Each structure stands twice: as C-alpha cells, then as structure tokens.
Amino acid sequence: VLIANFGAELNLPLAKLNLDCDVNVDQWTVLLSTAEGEGDARDTRDTGAYVHQHESDAALRIPARTAVLFGFEDDPAQSR
C-alpha cells in the first residue's frame with residue numbers, strides 16, 4: 001500500500017481505506033519512507049511511527065510531504 005501525502009500532516013482513519021481485503025494493521029511493515037532523516041526521533045521504518053490507536057479505531061499519521069510504502073500479506077481466510 002503506497003500512501004503519498006503532498007500537503008500538511010495527514011491523519012487517515014484506517015476504516016476509510018478500501019484495500020479490497022481484510023488487513024490487520026499490526027502485520028503491516030514499512031518498506032520505504034521518504035520521512036527518514038527529517039528530524040523525527042522515531043524509527044520511520046517502524047509501523048508504530050505511523051499507526052495510532054484511538055480507542056477502537058486506528059488511524060495513519062503521515063507527515064507532511066511524505067510517502068510511505070507499507071507491505072503486508074493477505075490472509076485468504078480473512079478475505080471478503
């Protein structure tokens with residue numbers, strides 16, 4: 001999944017992503033991020049740097065002018 005943010009910081013609820021399969025965000029891995037080395041103290045290859053839990057909903061926080069490529073494996077047992 002590639003998410004490119006060309007504007008200000010983006011907070012995107014995972015419920016709004018239509019990936020055509022059920023995906024557990026805990027299984028996502030960051031394959032590439034353009035945020036590396038931009039002064040953020042967090043490891044930008046760690047999915048936790050982008051995924052934030054808000055009670056029962058999770059959201060992605062994508063910094064301004066950043067692209068992030070996430071990888072995951074589709075679980076056929078969970079597919080729609």
Side-chain angles (χ1 to χ4, degrees):
V1 175
L2 174 64
I3 299 177
N5 179 14
F6 297 101
E9 179 176 293
L10 174 66
N11 288 299
L12 178 63
L14 291 176
K16 293 197 178 234
L17 290 178
N18 183 5
L19 300 177
D20 201 29
C21 63
D22 290 334
V23 178
N24 180 350
V25 72
D26 293 331
Q27 296 175 341
W28 287 25
T29 57
V30 176
L31 302 176
L32 177 70
S33 171
T34 61
E36 292 181 332
E38 290 187 2
D40 195 334
R42 292 175 294 187
D43 182 355
T44 55
R45 289 165 289 164
D46 175 17
T47 304
Y50 302 101
V51 178
H52 299 274
Q53 297 289 342
H54 300 284
E55 296 180 11
S56 63
D57 296 326
L60 294 173
R61 184 195 70 80
I62 307 299
R65 297 169 302 285
T66 298
V68 183
L69 179 62
F70 295 98
F72 64 90
E73 289 188 33
D74 185 16
D75 182 356
Q78 298 292 325
S79 295
R80 294 179 208 163

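What's counted below: heavy atoms across the whole structure, side chains too, no hydrogens, waters or symmetry copies. For clarity, every value in this text was computed on a predicted model and none was experimentally measured. Position 1 is the first residue of the sequence; numbering continues from there.
- Atom CG of Leu10 and atom OG1 of Thr66 lie 10.0 Å apart (nearest 0.5 Å).
- Side-chain contact between Val68 and Leu32 is absent, with no heavy atoms from C-beta onward closer than 4.5 Å.
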Tell me, with the steps shown, if Leu12 and Leu17 meet side chain to side chain contact (heavy atoms under 4.5 Å, CB included).
-> CA-CA 8 Å; Leu12 178 63; Leu17 290 178; 3.5 Å; yes

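- Closest heavy-atom contact between Arg65 and Phe6: CG-O, 3.9 Å.
- A side-chain donor-acceptor contact under 3.5 Å links Thr34 to the backbone of Ala67.
- From Leu60, atom CG reaches atom NZ of Lys16 across 13.0 Å, with rounding to the nearest 0.5 Å.
- Listed for the Asn5 side chain is a donor-acceptor partner under 3.5 Å among the backbone atoms of Pro63.
- Using cut-offs of 30° and 60° for the angle between ring planes, the Trp28 and Phe70 rings count as tilted.
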Test Val1 against Leu69 for side chain to side chain contact (heavy atoms under 4.5 Å, CB included), laying out the working first.
-> CA-CA 6 Å; Val1 175; Leu69 179 62; over 6 Å; no

